[in-house]
Trainee: 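Before I ask anything, here is the structure I am working with.
Numbers here simply count residues along the sequence, with the first being 1.
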Amino acid sequence: DLKLNDGGARSPLTVTIKLLSWNYQGLGNPWTVRSLQNIVKDQAPNICFLMETRLDKKGYKKHCKDLPFPNQFIVKNPDSGGGLALIWKHEVDVDVINFTQNHILARVREDDGSEWYLTGFYGWPETMQKFKSWALLHHLMSFVDGSWMCIGDFNAILHSHEKQSA
């Protein structure tokens, strides 16, 4: 949970934002969709960042129509597996600033007018391409003016034995 409060005497209310970040490896699978529905029900996130969804906008609407996230930003290259989704509820004010196949950068505005930045990130999994992940994050920093949270799968393992796959 991320709890934000400006600390002012006139603003005793603390806004709690819950984030969920999950590398799905295929959201079109009924099991993964049910798993997402269960986690959303149990944890009640306001914003979710999903990676490797393998779904375009049409596929997302077909498979995920019952999720309580009316707002969604889907990134999918038609010629690849991959796929990213940033989804959020009505009570959250999110503006997507930019995106690639590896990230979605957004500005989040709180009710009190404060802003912070959220990057949903999926790093290059290939060893020889990992430098691109850090170069992209460094570039994204130029768009950020304030607090910044990066979530996702950075694929930043040092040794192959650290990787676990099902």
Side-chain angles (χ1 to χ4, degrees), residues 1-8 11 13-25 27 36 39-40 43-57 60 64 67 69-160 162-165:
D1 293 353
L2 176 65
K3 295 183 180 182
L4 302 171
N5 185 342
D6 67 3
S11 180
L13 180 64
T14 299
V15 177
T16 299
I17 301 231
K18 286 188 170 187
L19 303 169
L20 170 67
S21 175
W22 195 352
N23 184 334
Y24 265 88
Q25 300 178 344
L27 195 51
L36 177 58
I39 288 173
V40 165
Q43 300 299 317
N46 308 83
I47 302 172
C48 297
F49 176 65
L50 310 173
M51 297 149 284
E52 292 192 42
T53 63
R54 299 183 183 139
L55 296 177
D56 58 13
K57 290 177 188 177
Y60 177 85
C64 302
L67 291 173
F69 299 98
N71 305 299
Q72 61 259 165
F73 191 86
I74 311 296
V75 177
K76 176 67 172 83
N77 183 338
D79 299 328
S80 70
L84 306 175
L86 183 66
I87 57 179
W88 63 96
K89 293 183 176 178
H90 278 302
E91 66 265 16
V92 183
D93 184 5
V94 174
D95 291 319
V96 173
I97 297 170
N98 63 36
F99 65 95
T100 66
Q101 298 298 311
N102 294 83
H103 87 283
I104 300 173
L105 173 62
R107 182 184 309 108
V108 180
R109 286 190 188 90
E110 298 294 332
D111 288 338
D112 66 0
S114 63
E115 297 180 346
W116 55 280
Y117 295 82
L118 173 66
T119 297
F121 192 82
Y122 182 73
W124 278 261
E126 303 86 9
T127 302
M128 300 304 291
Q129 303 292 319
K130 290 191 185 297
F131 73 94
K132 291 181 179 180
S133 296
W134 307 117
L136 177 56
L137 283 169
H138 188 264
H139 174 70
L140 293 176
M141 194 168 47
S142 68
F143 295 95
V144 174
D145 182 24
S147 299
W148 184 23
M149 179 179 291
C150 297
I151 60 175
D153 184 348
F154 291 75
N155 281 310
I157 60 172
L158 294 176
H159 308 285
S160 60
E162 295 175 319
K163 187 172 184 175
Q164 296 178 346
S165 295

Trainee: Sub-3.5 Å donor-acceptor pair from the side chain of Lys18 to the main-chain atoms of Gln43, do we have one?
Mentor: yes
Trainee: Assess whether side chain to side chain contact (heavy atoms under 4.5 Å, CB included) is satisfied between Ile47 and Ile87, documenting all intermediate values.
Mentor: CA-CA 6 Å; Ile47 302 172; Ile87 57 179; over 6 Å; no
Trainee: What residues form a side chain to side chain contact (heavy atoms under 4.5 Å, CB included) with Ile97, not counting sequence neighbours?
Mentor: Leu105, Arg107, Tyr117, Phe143
Trainee: Taking only residues two or more places apart in sequence or in another chain, which ones pass side chain to side chain contact (heavy atoms under 4.5 Å, CB included) with Ser147?
Mentor: Trp116
Trainee: Please report the shortest heavy-atom distance between Pro45 and Leu19, naming the atom on each side.
Mentor: CB-C, 4.3 Å
Trainee: Which residues satisfy the ring-ring contact (aromatic ring centres under 6.0 Å, His included) test with Phe121, sequence neighbours excluded?
Mentor: Phe154
Trainee: Among residues at least two apart in sequence or on other chains, which ones pass ring-ring contact (aromatic ring centres under 6.0 Å, His included) with Trp22?
Mentor: Tyr24
Trainee: What pairs meet the side-chain hydrogen bond (donor to acceptor under 3.5 Å, both in side chains) rule with one or both residues in residues 131-146, with sequence neighbours excluded?
Mentor: Gln129-Lys132
Trainee: Would you indicate whether Phe99, at its atom CZ, is surrounded by more than 12 heavy atoms from other residues, nucleotides or ligands within a distance under 6.0 Å?
Mentor: no
Trainee: Got a second to check how far Leu36's CG is from Cys48's SG, nearest 0.5 Å?
Mentor: 6.0 Å
Trainee: Just how far is it from atom CD1 of Ile39 to atom CG of Leu20, taken to the nearest 0.5 Å?
Mentor: 6.0 Å
Trainee: Write down the atom of Ile74, the atom of Leu55, and the distance for their closest heavy-atom approach.
Mentor: CG2-O, 3.6 Å
Trainee: Just verifying a value: how many Å separate Leu140 CG and Cys150 SG, rounded to the nearest 0.5 Å?
Mentor: 7.5 Å
Trainee: Would Val108 and Val92 count as a side chain to side chain contact (heavy atoms under 4.5 Å, CB included) if you check the C-alpha gap in whole Å, the side-chain angles of each, and the deciding distance to 0.1 Å?
Mentor: CA-CA 7 Å; Val108 180; Val92 183; 4.1 Å; yes
Trainee: Sequence neighbours excluded, which residues qualify as side chain to side chain contact (heavy atoms under 4.5 Å, CB included) partners of Asn23?
Mentor: Gln25, Met51, Glu52, Tyr122, Asp153
Trainee: Of the non-hydrogen atoms in Phe49 and Leu86, which two are nearest, and what is the gap between them?
Mentor: CB-CD1, 4.3 Å
Trainee: Show me the pairs that pass side-chain hydrogen bond (donor to acceptor under 3.5 Å, both in side chains) and involve residues 82-102, at least two apart or across chains.
Mentor: Asn46-Glu91, Asp95-Arg109, Asn98-His103, Thr100-His103
Trainee: Give the minimum heavy-atom separation between Ala106 and Val94, together with the two atoms involved.
Mentor: CB-CG1, 3.6 Å
Trainee: Any heavy-atom pair between the side chains of Ile104 and Val96 that's under 4.5 Å?
Mentor: yes
Trainee: What pairs with Phe69 under ring-ring contact (aromatic ring centres under 6.0 Å, His included), at least two apart in sequence or on another chain?
Mentor: none
